[in-house]
Number of protein chains: 4
Amino acid sequence: MSQTRERLPAQVAAGSPGAGGSEGSMSSGRPAGAARPPGRPRSERADKAIVEATVDLLAEEGGVAGVSIEAVAARAGVGKTTIYRRWPNKEALIIDALAALKEPFPAPVGASVREDLIAIAQAFVSNKTDKKRLDCYWSIMGGAERYPELMARFTREVIEPRRDVIRTVLRRGVTAGELRPDLDVETALWLIMGALAQRARAFGAGPVPDDFAARVVDALMTGIAAR
Amino acid sequence: MSQTRERLPAQVAAGSPGAGGSEGSMSSGRPAGAARPPGRPRSERADKAIVEATVDLLAEEGGVAGVSIEAVAARAGVGKTTIYRRWPNKEALIIDALAALKEPFPAPVGASVREDLIAIAQAFVSNKTDKKRLDCYWSIMGGAERYPELMARFTREVIEPRRDVIRTVLRRGVTAGELRPDLDVETALWLIMGALAQRARAFGAGPVPDDFAARVVDALMTGIAAR
Amino acid sequence: MSQTRERLPAQVAAGSPGAGGSEGSMSSGRPAGAARPPGRPRSERADKAIVEATVDLLAEEGGVAGVSIEAVAARAGVGKTTIYRRWPNKEALIIDALAALKEPFPAPVGASVREDLIAIAQAFVSNKTDKKRLDCYWSIMGGAERYPELMARFTREVIEPRRDVIRTVLRRGVTAGELRPDLDVETALWLIMGALAQRARAFGAGPVPDDFAARVVDALMTGIAAR
Amino acid sequence: MSQTRERLPAQVAAGSPGAGGSEGSMSSGRPAGAARPPGRPRSERADKAIVEATVDLLAEEGGVAGVSIEAVAARAGVGKTTIYRRWPNKEALIIDALAALKEPFPAPVGASVREDLIAIAQAFVSNKTDKKRLDCYWSIMGGAERYPELMARFTREVIEPRRDVIRTVLRRGVTAGELRPDLDVETALWLIMGALAQRARAFGAGPVPDDFAARVVDALMTGIAAR
DNA sequence: CGTTAACCGAGACGGTACGTCTCGTCTTCAG
DNA sequence: CTGAAGACGAGACGTACCGTCTCGGTTAACG
């Protein structure tokens with residue numbers, strides 16, 4: 001309305017800051033040749049702290065509603081102003097913060113499809129930051145109807161890349177003859193991902209046992225029908 | 001502080017209302033012989049409207065936070081007082097309201113395990129009230145850390161019965177020789193339930209196709225490995 | 001803008017609630033015959049706590065700027081809403097709260113003008129609630145240019161009544177022949193009030209000695225000129 | 001933390017710039033023989049403008065809270081940095097700025113004590129810069145509890161010198177036999193100063209009439225008691 | 001003429017208060 | 001007991017300043 005906000009679209013949480021850029025001389029993401037804007041530059045520390053606090057709260061509080069700007073500010077040790085200077089509202093902040101979870105997933109190339117799948121599945125349910133990702137997943141999915149854009153972006157940038165890793169392994173398996181030639185890859189994906197996500201959230205059933213990933217993969221590989 | 005609340009523990013949403021009870025004159029479940037409490041009896045219409053509104057909101061708003069007593073009252077056409085007289089707080093209301101989703105699931109006994117599984121799966125993702133149940137599932141799971149009791153009760157009273165139906169079918173299949181004798185029933189359960197729940201929530205991928213249930217069951221039956 | 005505020009102009013801090021009204025049947029300041037408005041009535045406890053907190057803060061913080069609605073709410077143990085329901089903004093609140101300091105000042109009728117004046121003066125600088133009044137006086141006068149209405153009302157309702165008491169005593173003294181027949185009453189008023197107010201604020205000079213009032217009155221009575 | 005501030009303690013607002021010093025070549029108060037510090041010297045224009053703006057704001061806004069560094073900078077046509085380089089915080093600035101009001105008060109030596117007192121009193125309430133002084137007086141006294149140091153210093157450096165002038169005149173009067181030999185000088189001081197200060201602030205009573213000073217002095221001289 | 005440092009402008013920082021809003025709870029009324 | 005109405009305390013919202021701090025670019029004096 002009468003704001004000088006949105007100086008530049010935050011360019012936040014760059015993840016892999018890209019190539020071996022010579023940080024310092026040319027510094028943060030401004031198009032080459034553009035003059036540094038006047039005034040004190042925005043603090044990268046604040047950027048990071050805000051995004052991290054947001055993600056943590058989203059994971060812990062279990063829902064977009066549990067993430068209040070005030071809580072984010074308090075947890076990040078930052079003034080509310082500093083947040084509003086960068087994002088116009090809560091939803092925008094969360095959408096951007098999700099990018100912090102993008103970090104690429106290394107596709108393991110092991111001896112066999114089975115081993116690869118188990119390794120990936122293992123990571124999903126045991127790895128520390130993947131655990132936070134999973135909490136965010138449930139938080140966002142729970143409120144999906146209210147924040148469709150949020151879900152869309154999270155799906156596109158975080159979920160799909162992970163599904164892609166498995167998809168690739170499955171396709172490789174088909175090509176290599178390890179998997180059935182008429183395999184319905186997408187259905188298999190739903191099966192394996194669904195089992196992992198759901199089991200990880202089923203607190204009542206206790207922590208996920210170490211061999212759960214292997215059991216899931218094996219059951220899926222051999223099928224349940226008698227032969 | 002100075003309340004006469006909690007006259008009886010609500011005895012709400014009786015599920016299958018049972019028998020041909022003469023609604024009106026003698027009404028709700030008081031043990032025979034117990035004297036009717038003095039004063040105007042509580043309205044069963046209100047009870048039902050409140051519970052239904054609660055469940056609807058939980059499904060639609062996607063989260064416990066989205067269910068406000070205010071909204072429930074408005075949607076049920078009821079005063080906030082009327083709700084407050086029956087339940088001490090929001091969580092109690094939701095916990096009780098979930099009982100409305102308990103309605104037993106008929107285990108089909110068809111020609112084969114495969115057909116039974118497909119029928120059950122079909123119901124999960126296509127049936128109207130099962131859809132609402134699924135929405136509630138995601139809403140509750142999303143905020144599970146904040147309301148563990150809620151999740152526990154929902155799991156116990158709504159989820160488990162449904163898992164039990166499948167569990168029974170699987171066991172029958174093993175006994176009948178249709179399924180592998182060494183079948184890991186629990187793992188198979190996670191696979192099938194996870195796939196259905198997750199696919200139903202993946203709005204981006206479009207509505208669940210009619211043959212999805214069959215594809216899931218078949219994939220799981222035959223396995224994905226080449227033979 | 002879109003408010004239902006200002007149901008009735010607060011009718012706050014009634015001071016002497018007037019006559020021996022039969023509190024209970026007809027209760028708080030609503031014109032006879034007017035129906036009680038629906039809904040929960042406003043809390044008189046809150047009214048009082050807010051006004052008292054406001055006056056205290058004004059006296060302690062030394063200035064209108066030091067009185068923040070949030071501080072008032074916190075000190076009164078009241079939600080901000082409860083304040084805003086009654087007054088549209090800070091200035092209105094303070095203006096109204098000043099009425100709490102109105103409480104009439106009893107004009108003593110002693111043996112002589114001198115004794116009366118000393119008694120009054122004594123009260124001004126030693127009495128507890130008159131001390132608070134004096135603090136408010138300085139707070140308001142300090143910011144007089146910014147809040148002229150505040151000063152005007154405070155002068156009219158709190159200061160002038162007190163000046164009137166002295167004025168009356170002085171006039172009585174003239175009539176009785178105790179004071180000079182050509183006495184300039186107003187100038188004498190400025191002298192006595194000014195001395196008291198200023199001395200009370202001069203922290204550096206230590207607390208006001210007990211005989212200060214007497215010394216002031218005597219000096220003024222006899223004059224400083226040699227005779 | 002990493003500041004080079006406080007190069008020299010401001011040495012600001014020299015008041016009577018002292019003698020007919022050859023401003024320009026050797027300029028402001030550095031001890032003779034001390035080498036001029038390197039770099040661009042601080043602007044005296046800025047010094048003066050800042051101090052003046054501060055005093056003006058204090059007088060106009062009626063309170064320490066009304067003096068914001070931002071407003072001072074704007075009014076002085078100076079960057080906030082420039083202020084911050086000289087004073088560590090707002091209170092220090094105001095304390096220093098008050099020195100600008102120190103300017104000595106010439107004690108008139110007229111025909112009689114009465115005439116001297118009237119002349120001084122006249123100056124207090126009519127003189128232009130003394131008016132500003134008076135406004136500052138009220139501003140500071142209003143917030144005295146919050147900024148005791150401010151009040152202490154203002155009292156010591158601005159108020160007391162003025163009281164001293166009157167004190168001297170009164171003492172001279174006693175010695176000369178014009179005033180009562182047993183005169184309580186301090187009490188007389190409170191009376192005369194209080195009357196002037198208070199009347200000057202009483203906007204409601206209109207501007208101070210020209211003969212007010214004379215009326216006050218006369219009333220005090222002759223006393224109010226009949227004889 | 002180059003070094004040095006103060007200058008000004010601009011804007012980000014953490015903080016506090018604003019006035020508005022919605023929520024869960026509580027209280028009173030009329031029926 | 002019911003519904004309506006509305007007050008209560010709590011606390012988040014997004015805005016506006018404040019005092020402080022940190023930059024870039026400029027300007028004045030010294031060597």
Side-chain angles (χ1 to χ4, degrees), chain A residues 1-4 7 35-43 45-46 65 68-71 73 76-86 88-90, chain B residues 1-4 7 37-43 45-46 65 68-71 73 77-85 88-90, chain C residues 1-5 7 35-43 45-46 65 68-71 73 76-86 88-90, chain D residues 1-4 7 35-43 45-46 65 68-71 73 77-86 88-90:
Chain A
M1 237 162 230
S2 65
Q3 221 86 358
T4 327
R7 186 201 272 227
R36 172 199 255 281
R40 176 175 173 173
R42 291 193 177 164
S43 151
R45 271 186 73 270
S68 73
I69 297 275
E70 303 218 319
V78 141
K80 277 199 290 177
T81 325
T82 303
I83 299 179
Y84 281 112
R85 215 173 276 124
R86 290 162 160 79
N89 55 52
K90 186 166 67 168
Chain B
M1 226 170 226
S2 65
Q3 219 81 1
T4 328
R7 184 200 277 222
R40 174 173 171 182
R42 290 190 175 165
S43 150
R45 274 188 67 272
S68 72
I69 297 275
E70 215 129 36
V78 142
K80 279 193 286 179
T81 327
T82 305
I83 299 178
Y84 198 65
R85 246 188 298 266
N89 55 53
K90 186 166 67 165
Chain C
M1 240 159 228
S2 66
Q3 221 85 359
T4 328
R5 232 195 280 116
R7 186 202 274 226
R36 172 196 258 279
R40 175 175 174 175
R42 292 195 176 162
S43 152
R45 270 187 73 271
S68 74
I69 297 273
E70 303 219 317
V78 141
K80 278 198 290 177
T81 327
T82 304
I83 299 180
Y84 281 111
R85 230 185 308 267
R86 290 162 162 79
N89 55 54
K90 185 165 70 168
Chain D
M1 223 170 230
S2 65
Q3 219 80 2
T4 327
R7 182 202 277 226
R36 169 194 268 279
R40 176 174 172 176
R42 290 194 174 163
S43 150
R45 273 186 72 271
S68 72
I69 296 275
E70 215 129 36
V78 144
K80 281 194 283 179
T81 328
T82 304
I83 299 179
Y84 199 63
R85 212 174 280 122
R86 289 163 160 79
N89 55 53
K90 184 166 71 165

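Per chain, numbering begins at 1; letters A, B, ... match sequence-line order. Not measured: the values here are computed from a predicted model.
- Contact annotation: D:R86 reaches the phosphate of E:dC7 (side-chain N/O to OP1 or OP2, under 4.0 Å).
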For side chain to side chain contact (heavy atoms under 4.5 Å, CB included), just list the numbers for A:Y84 and A:I69, CA-CA rounded to whole Å, side-chain angles, deciding distance to a tenth of an Å, and then say yes or no.
CA-CA 9 Å; A:Y84 281 112; A:I69 297 275; 3.7 Å; yes
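- A straight line from CD1 of C:I69 to P of F:dA10 spans 16 Å, rounded to a whole angstrom.
- The base of E:dG19 lies close enough to the side chain of C:K80 for a donor and an acceptor atom to sit less than 3.5 Å apart.
- Summarising the geometry, atom CD1 belonging to A:I83 is positioned 9.5 Å from atom CD belonging to A:E70; distances are rounded to the nearest 0.5 Å.
- Listed nucleotides: E:dA17, E:dG14, F:dA7. Nearest to the side chain of A:V78: E:dG14.
- Contact detail for C:G79 and C:A73: the closest heavy-atom pair is C-CB, 4.3 Å.
- Separating the CZ atom of A:R40 from the P atom of F:dT22 is a distance of 6 Å, rounded to the nearest angstrom.
- Look at CZ on C:R45: it is 12 Å from C1' on F:dG9, rounded to the nearest Å.
- Between D:R42 and E:dA6 there is no side-chain polar atom (N or O) within less than 4.0 angstrom of OP1 or OP2.
- One cannot find a donor-acceptor pair under 3.5 Å joining the base of E:dA6 and the side-chain atoms of D:T81.
- Projected onto DNA chain F by closest heavy-atom contact, C:G77 and C:E70 fall at different nucleotides, the more 5' of which corresponds to C:G77.
- Listed candidates were F:dG6, F:dC13, F:dA29. Nearest to the side chain of C:P38 is F:dG6.
- Of the candidates F:dG14, F:dC8, E:dC13, the closest approach to any side-chain atom of A:A46 belongs to E:dC13.
- Computed from coordinates, the D:I83 CD1 to F:dT22 P distance equals 18 Å when rounded to whole Å.
- If you measure from atom CZ of D:R85 to atom C1' of E:dC7, you get 6 Å, rounded to the nearest angstrom.
- In this structure, the nucleotide among E:dG19, E:dC23, F:dG19 sitting nearest to the side chain of D:K90 is F:dG19.
- Remark: D:S68 is in phosphate contact with F:dC18, judged by side-chain N or O atoms under 4.0 Å from OP1 or OP2.
- The shortest distance between the side-chain N/O atoms of C:T82 and the OP1/OP2 oxygens of F:dG9 is below 4.0 Å.
- In this structure, the OH atom of A:Y84 is 15 Å from the C1' atom of E:dG14, given to the nearest Å.
- With sequence neighbours excluded, no residue forms a salt bridge (Lys or Arg N to Asp or Glu O under 4.0 Å) with B:K90.
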